[in-house]
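The next block holds one structure in the form of structure tokens; read it before the comments.
Computed from a predicted structure; not experimentally measured. Every chain is numbered from 1 and lettered A, B, ... according to where its sequence line falls, protein lines coming before strand lines.
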Amino acid sequence: MPDTIRINDVCDFEGREIAIEGWLYNKRTSGKLHFLQVRDGSGTIQCVVFKGDVSPEVFERAADIGQESALRVVGTVRADARSPIGFEIGVGDLEVVHRTVDYPITPKAHGTAFLMDHRHLWLRSSRQHAILRVRSKIVKACRAYCDNNGFVLIDAPIFTPSSCEGSSTLFETDYFDEQAYLTQSGQLYMEAAAMAFGKVYCFGPTFRAEKSKTRRHLTEFWMIEPEVAYMDLAGDMDLAEDFICYVVQQVLETCRPTLEYLQRDLTALERVQKPFPRISYSDAHDLLKKAGCDHTWGDDFGAEDETVLGNAHDRPVIVHRYPAACKAFYMKGDPENSQQALCMDVLAPEGYGEIVGGGQREDDLEVLRRKLAEHGLDEAPFAWYLDLRRYGSVPHAGFGLGIERTVAWICGLPHVRETIPFPRLLQRLYP
RNA sequence: UCCGGCGUAGCUCAGUCGGCAGAGCGAGUGGCUGUUAACCACUAAGUCGUAGGUUCGAGUCCUACCGCCGGAGCCA
């Protein structure tokens, strides 16, 4: 019985008899030949069944199988210049593990709605395969950056008793006799952890019940959120910049052929180098006015505004010191201008918009209590959070990076729905 | 929630001025020893989103509703 190998290792087995276990991606026949395109998750290879090489039963079996039939192929690896990967398999035997009939996703064009309804099968298509492999590498790089720089992974809870963002965007759930919500951010818990470990991060899903129907929004998305004690806004911007450069560099090192398959412009990614331009909110406002945008000082930036700001630079741009009024209660006020918060967003280039939001947190107990009141929030659920300002409060800062927007940007995709295996959208809970 | 677009074969779509329901792909059958989303021939496949209306006659015109897509608003 020959060894079973993975298709991406096939170059090490030239001239040898091997087996592969996979699925039929496509098939062409030509009289006494069947060309089976077989994928096994690691790659795709053409398996050639020649009538003269196999038993009549095997030849008939090969004729009878449909797309996505599960197969065990035994054959000999041979080099062939006509193959895109340089090798093909001359089939000696073929076992049909499962015979598939009428696979819905045929090799021709399909619409988005149909593909999303068949997301569980769409994952097998080469483009989706490529995107999710890049996602996997991006997540690995995010974790590696933190792990290599002294951060401790601290998992934040998913059930939370209170909001840290706007209460209108919370998913409510019944928690025995209490009301609970699905987390919008692990940040408040990371602040507690940063006071215990100094440098921490969490990585997990977050939930926002926003009725947003855009190419940038999911109701369930993944964030990585570092938080560091004794760090100020400047340090936070340095951290975000270093973090993003590392992630992009890792992806360029490990996913270059995959990105090329996705037809990503790699020169745009190669320009992602320190330092990123840093502009204040007020400067960004002036830039928008000069570009002819209708932006009012004090308002947050819209999607179009973010695109204009991003397109004005050839790499991610950091916008800092937004008006305090349009930011969350925990943002520390700028001592030099009480109207501004010590916060920052990183906007990705090429119209991908905000991928990072963060800043320095308010560390004074009385100021924080006042801000809670100003935001109309009840103090009781935040009692534990206020404790952090009673016992060894220090300046601290952090940020959250949205994984899906980062994947969309790095892969050059038009919509975040393809960046996550099973997207949750305003109108989609299945599959 | 608002604005715009689209719902016709399993999929992607065409369907003119209101007059017999169409193509490609996929599926099935047959052919071909080198195909690369193979090709050639033939076959089967339809509640034209739903309900109502106008008309001799509606896929086509009108009204309402449903669903989807895009955008806006919203949104660290």
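Distance check on atom C1': B:G19 versus B:A58 gives 10 Å, rounded to whole Å. For the P atoms, the distance linking B:C6 with B:G10 amounts to 23 Å, nearest Å. Rounded to whole Å, the separation between the P atoms of B:G49 and B:U60 comes to 8 Å. The P atoms of B:C68 and B:U8 are separated by 14 Å, rounded to the nearest whole Å. Nucleotides B:A44 and B:A21 are separated by 16 Å at their C1' atoms, to the nearest Å.
Atom NZ in A:Lys213 sits roughly 11 Å away from atom C1' in B:G4 (whole-Å rounding). Summarising the geometry, the separation between CG on A:Asp102 and P on B:C25 is reported as 17 Å, rounded to the nearest angstrom. What separates CZ of A:Phe171 from C1' of B:C74 is a distance of 14 Å, to the nearest Å. When the P atom of B:A72 is taken as reference, atom CG of A:Asp299 falls 16 Å away, rounded to whole Å. Per the geometry, OH belonging to A:Tyr25 stands 17 Å off P belonging to B:U36, to the nearest Å. Between the C1' atom of B:U36 and the CD1 atom of A:Ile45 lies a distance of 14 Å, rounded to the nearest Å. The nearest whole Å value for the distance from the CG atom in A:Asp64 to the C1' atom in B:U29 is 13 Å. Atom CD in A:Gln67 sits about 16 Å away from atom C1' in B:G28, given to the nearest Å.
Residues satisfying the side chain to side chain donor-acceptor pair (under 3.5 Å) test with A:Asp286, not counting sequence neighbours, are none. Applying the ring pair (Phe, Tyr, Trp, His ring centres under 6.0 Å) rule to A:Tyr261 yields no partners; only residues at least two apart in sequence or on another chain are considered. Every residue two or more places apart in sequence or in another chain was checked for a side chain to side chain donor-acceptor pair (under 3.5 Å) with A:His118, and none qualifies. With sequence neighbours excluded, no residue forms a ring pair (Phe, Tyr, Trp, His ring centres under 6.0 Å) with A:Tyr103. Applying the ring pair (Phe, Tyr, Trp, His ring centres under 6.0 Å) rule to A:His34 yields the partners A:Phe59; only residues at least two apart in sequence or on another chain are considered.
Here the OG1 atom belonging to A:Thr76 is positioned 8.0 Å from the CD1 atom belonging to A:Ile18, to the nearest 0.5 angstrom. Taking CE from A:Met344 and CZ from A:Arg321, the interatomic distance works out to 11.5 Å, rounded to the nearest 0.5 Å. The structure places CD1 of A:Ile403 at 10.5 Å from CZ of A:Phe221, a figure rounded to the nearest 0.5 Å.
A:Asn26 comes within 4.0 angstrom of the backbone, heavy atoms only, and of no base.
Sorted by residue number, the list of members of residues 89-96 of chain A with any non-hydrogen atom under 4.0 Å from RNA chain B is empty. Against RNA chain B, the stretch residues 399-420 of chain A makes heavy-atom approaches under 4.0 Å through A:His415, A:Arg417. Only A:His217, listed by number, bring a heavy atom of residues 217-248 of chain A to less than 4.0 angstrom from any atom of RNA chain B.
Aromatic pair A:Phe50/A:Phe35: centroids not less than 6.0 angstrom apart. Remark: aromatic rings of A:Phe422 and A:Trp122 are distant, center separation not under 6.0 Å. Checked against a 6.0 Å centroid threshold, the rings of A:Phe207 and A:Tyr181 do not count as neighbours. The aromatic ring centroids of A:Phe87 and A:Phe13 lie 6.0 Å or more from each other.
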Can you tabulate the close N/O pairs, meaning under 3.5 Å, that link protein atoms to atoms of nucleotides 31-34 of chain B?
from: B:C32; atom 1: N3; to: A:Gly31; atom 2: N; distance (Å): 3.2
from: B:C32; atom 1: N4; to: A:Thr29; atom 2: OG1; distance (Å): 3.4
from: B:C32; atom 1: N4; to: A:Gly31; atom 2: N; distance (Å): 3.3
from: B:G34; atom 1: O2'; to: A:Arg82; atom 2: NH1; distance (Å): 3.2
from: B:G34; atom 1: N1; to: A:Arg82; atom 2: NH2; distance (Å): 3.4
from: B:G34; atom 1: N1; to: A:Glu88; atom 2: OE2; distance (Å): 3.0
from: B:G34; atom 1: N2; to: A:Gln46; atom 2: NE2; distance (Å): 3.4
from: B:G34; atom 1: N2; to: A:Glu88; atom 2: OE1; distance (Å): 2.7

Atom pairs under 3.5 Å: protein N/O with N/O of nucleotides 5-15 of chain B:
from: B:C11; atom 1: O2'; to: A:Ala109; atom 2: O; distance (Å): 3.0
from: B:C11; atom 1: O2'; to: A:His110; atom 2: ND1; distance (Å): 2.5
from: B:U12; atom 1: OP1; to: A:Gly111; atom 2: N; distance (Å): 3.0
from: B:U12; atom 1: O4'; to: A:Ala109; atom 2: O; distance (Å): 3.4

Distances under 3.5 Å between protein N/O atoms and the N/O atoms of nucleotides 40-43 of chain B, please, pair by pair.
none

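A:Gln360 and A:His396 form no side-chain donor-acceptor contact under 3.5 Å, judged by distance and modelled atom types alone.
Remark: A:Lys327 qualifies as a cation-pi partner of A:Tyr322 under the 6.0 Å distance and 45° angle criteria applied to the six-membered ring.
Side-chain proximity of A:Arg215 to B:C68, B:G71, B:C75: nearest is B:G71.
Ring-plane geometry between A:His295 and A:His285 is classed as tilted, the angle between the planes lying from 30 to 60 degrees on a 0 to 90 degree scale. The aromatic rings of A:Tyr145 and A:Phe151 sit tilted, their planes meeting at an angle between 30° and 60°.
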- So what is the 5' to 3' dot-bracket string for RNA chain B, if pairs are Watson-Crick or G-U wobble with both distances under 3.5 Å, crossing pairs use [ ] and | means the partner sits on another strand? (((((((..((((.....[..)))).(((((.......))))).....(((((..]....))))))))))))....
